[in-house]
Engineer: 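One structure coming up, written as structure tokens, with questions to follow.
Every chain is numbered from 1, with letters handed out A, B, ... down the list of sequences. Please read these numbers as outputs of a predicted model, since none were measured by experiment.
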Amino acid sequence: MYALRDKYAIAGIGWTEFSKNSGRTVRSLASEACLKAIDDSGLKVADIDGFVSFNFNDSVPAISVATEIGVPAARYANDFLSGGNAANMIVLTAAAVIEAGLAETVLCYRAMNGRSGFRLGGGRDLSAHGITQFTAPFGWITYPQAMAMWCRRHMIEYGTNSEQLGELAVTFRSNAVNNERAMQRDPITMDDYRNSRMIVEPFRMLDICLETDGACAVLVTSAERARDLKRKPVYITGGAYGGGPNQGEDLFDAIRWPDQSHNYAKYIADDLWRSAGMGPSDIDIAQIYDCFTYSVLMQLEGLGFCKEGEGGPFVQGGRIARDGALPLNTAGGLLSEGYIHGLNHVIEAVQQLRGDAGARQVADIETCLTTAGAMTCGSAMVLRN
Amino acid sequence: MTPYNKPLPAENVETKPFWDACRQGKLSMQRCKQCGHHRFPPTFYCPKCNSPEHEWIDSKGLGSVFSWIVVRHPVPRDVYAADVPYVVALIALDEGVRIPSNIVGVEPEKVTAGMRVRVIFRQVTPEITLPLFEPVPEQQ
């Protein structure tokens, strides 16, 4: 269990433009986000001594970013081979690295040309080696196709329907309208959702997240040091990373997973809440990993915001809107803001907890949950101001 | 005839017996010699007892639909444009393992949860035969 409650903090954040075609190298995007996070914190490049990132499709090694921005001595630089499941884990890892004395000031980043370069949604390696020899030959190749199989299980078990999925898409878009970073800012209606093209049943186009060129970076240091820096610290109160039995042979594979009607969230819930000393009712707003609409339902259920199977009705009726009881994905999420593999959720959490979210600011908040991952493994954090 | 352009399984030392069996019209899986646990996909060690000792047994090829999707948008387009809509399913075999495959011989709209299916084999290249599934006909 994460045992560093409030001992470390996010002291700076940075991000690039989120676009469909950056016209730039991934390394330069990573460097831009990192330089902005350093500037935001009030520290200098020379103060940075650690990097943690993750890569799955497109990315650049941490040492290349350290090289480009001229970090004098990167004492810890680690690239995890991971997908969205890692977007909170790298922040927890940064805290652990500092606690261990391996570094003092760690940048966590994710950078990719996810639209103009390596499109994660556009298909995978078709060579059908390893575990994919049992999936790709049947035309089961893309992540929307993978997650649609999960969604159907929830529909079979609990009667979850497309109107409930649509509620998520429409609500998150309404949040993106007020977000200058967001790639999709035009409001949509339930009719727009119903009329959106069926890609892979049960998913329509509007159930599927965006593909984005861009980068995000988060600077982690001790809470004690963060209190002396330029910005209001956002404390890493609790966190957890993991999943259940049979997490599979890669991030696509869930052939042996117990049941696709639930995901990693139920397996990390106890660790998460015990580490934070809180429960779901203590959470003011949440940024839930939404590579697809459906993944949000499993996480709300798994983390205990509602009972298993009740995620569909839970998100209906305005509860998750910006003025609702539990505002979700206040920047628009991966569905409407952009897909920086979940690290953009952490950026939004920090902005909200600092009170810097402008027109989309949710008033009077002290806690924000962030999650990362959709399938058999994932990570989550409780952040507070 | 246009060459087969879809992904072909790249068998390895663990999976070769499975694909060899498919070529002979058999759906096979591993059974642990120590604890009797059935497992799929193939692995070197039994996840229940960690024994590497196993035998390959023939499945009856019968199961039910655990979950399914209907692919409408072809990816990659040039490979699957002529195939959509097609059904990919997770099939719960009666022996207690799940296997991904296609459901053929039925309109995609008629696939239902728990639908009984049986294996058929389709040779796609001289080397590769894929196990597909079709609905079990209703008993007369």
Engineer: Considering only heavy atoms, which portion of B:T112 lies under 4.5 Å from any heavy atom of chain A: side chain, backbone, both, or neither?
Structural biologist: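 For B:T112, no heavy atom lies under 4.5 Å from chain A.
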Engineer: What residue in B:R39, B:E11, B:K6 has the most heavy-atom pairs under 4.5 Å with chain A?
Structural biologist: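 Heavy-atom pairs under 4.5 Å are most numerous for B:E11.
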Engineer: Specify which of A:P245, A:P202, A:G139, A:C151 makes the most heavy-atom pairs with chain B at under 4.5 Å.
Structural biologist: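 The answer is A:G139.
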Engineer: Would you call the rings of B:F40 and A:F134 parallel, tilted or perpendicular, taking 30° and 60° as the class edges?
Structural biologist: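 Ring orientation of B:F40 relative to A:F134: perpendicular.
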Engineer: With only heavy atoms counted, which part of A:I255 is less than 4.5 Å from chain B, the side chain, the backbone, both or neither?
Structural biologist: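 For A:I255, the contact with chain B is made by backbone and side chain together.
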Engineer: Mind listing the closest non-hydrogen atom pair of B:H73 and A:Q145 along with its distance?
Structural biologist: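 That closest heavy-atom pairing would be O-NE2, 4.5 Å.
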Engineer: I need the minimum non-hydrogen distance between A:I141 and B:V75, along with the two atoms involved.
Structural biologist: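 A:I141 and B:V75 have their closest heavy atoms at CD1-O, 4.0 Å.
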Engineer: Rounded to the nearest 0.5 Å, what's the gap from CE on A:M149 to CD1 on B:I69? Could you check?
Structural biologist: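 Output value for this atom pair is 4.5 Å.
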Engineer: To the nearest 0.5 Å, what is the distance between CD (A:E157) and OG (B:S67)?
Structural biologist: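 The distance works out to 10.0 Å.
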Engineer: Sort by residue number and list every member of residues 87-97 of chain B having a non-hydrogen atom under 4.5 Å from chain A.
Structural biologist: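 Heavy-atom contacts from residues 87-97 of chain B to chain A are B:V88, B:A89, B:L90.
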Engineer: Kindly indicate whether the side chain of A:I131, heavy atoms from C-beta on, has any atom under 4.5 Å from the side chain of B:P41.
Structural biologist: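 Side-chain contact under 4.5 Å: yes.
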Engineer: Taking atom CG of A:D186 as the centre, does the number of heavy atoms from other residues, nucleotides or ligands within less than 6.0 Å exceed 12?
Structural biologist: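 Counting neighbours around CG of A:D186, 12 or fewer heavy atoms of other residues, nucleotides or ligands fall under 6.0 Å, so no.
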Engineer: Report the option among A:W150, A:F203, A:F138 that has the most heavy-atom pairs separated by less than 4.5 Å from atoms of chain B.
Structural biologist: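 Winner by heavy-atom pair count: A:F138.
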Engineer: Is A:I156 close to B:F66 at the side-chain level, that is, under 4.5 Å between some pair of heavy atoms?
Structural biologist: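 They are not in side-chain contact.
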Engineer: Could you tell me the separation between the CZ atom of A:R256 and the CZ atom of B:R98, rounded to the nearest 0.5 Å?
Structural biologist: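 Nearest 0.5 Å value for the CZ-CZ distance: 11.5 Å.
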Engineer: Whether the side chain of A:R152 engages the backbone of B:W68 through a donor-acceptor N/O pair (distance < 3.5 Å, no angle test) should be reported.
Structural biologist: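 Indeed, once roles are kept as given, a pair shorter than 3.5 Å links the two residues.
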Engineer: Give a yes-or-no answer on whether the side chains of B:W19 and A:Q133 include a donor-acceptor pair shorter than 3.5 Å.
Structural biologist: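 On atom types as modelled, these side chains qualify, holding a pair under 3.5 Å.
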Engineer: Under a 4.5 Å heavy-atom cut-off, does chain A meet the side chain of B:L132, its backbone, both or neither?
Structural biologist: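 Looking at B:L132, just its side chain touches chain A.
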Engineer: So if I take each residue of residues 159-172 of chain A and look for any heavy atom under 4.5 Å from a heavy atom in chain B, which residues do I end up with?
Structural biologist: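 Residues qualifying by a heavy atom under 4.5 Å from chain B are absent, so none.
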Engineer: Sort out for me which of A:D259, A:V200, A:N246 touches chain B most, counting heavy-atom pairs under 4.5 Å.
Structural biologist: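 Top count of heavy-atom pairs under 4.5 Å with chain B: A:V200.
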Engineer: Side-chain contact, heavy-atom cut-off 4.5 Å: A:L126 with B:P76?
Structural biologist: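 A side-chain contact under 4.5 Å exists here.
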Engineer: Work out which heavy atom in A:P137 is nearest to a heavy atom in B:P9; give both atom names and the distance.
Structural biologist: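 Minimum heavy-atom contact is CG-CD, 3.7 Å.
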Engineer: Identify the two heavy atoms, one from B:A10 and one from A:S127, that lie closest to each other, and give their separation to 0.1 Å.
Structural biologist: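 The pair with the smallest heavy-atom distance is CB-O, 3.8 Å.
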Engineer: Which atoms of B:P131 come close to chain A, meaning under 4.5 Å heavy atom to heavy atom: side chain ones, backbone ones, both, or neither?
Structural biologist: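 The answer is both parts of B:P131.
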Engineer: Contact part of B:E14 toward chain A, heavy-atom cut-off under 4.5 Å: side chain, backbone, both or neither?
Structural biologist: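 Contact with chain A is absent: no heavy atom of B:E14 under 4.5 Å.
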Engineer: Are the side chains of A:H129 and B:N12 in contact, using a 4.5 Å heavy-atom criterion?
Structural biologist: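 Heavy-atom side-chain distance check fails, nothing below 4.5 Å.
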Engineer: Heavy-atom count around B:R122 CZ within 6.0 Å, excluding the residue itself: above 12?
Structural biologist: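 Check fails, neighbour count at 12 or below.
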Engineer: Measuring from atom CD of B:E109 to atom CD of A:E201, what distance do you get when rounded to the nearest 0.5 angstrom?
Structural biologist: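 Going from CD on B:E109 over to CD on A:E201, the span is 6.5 Å.
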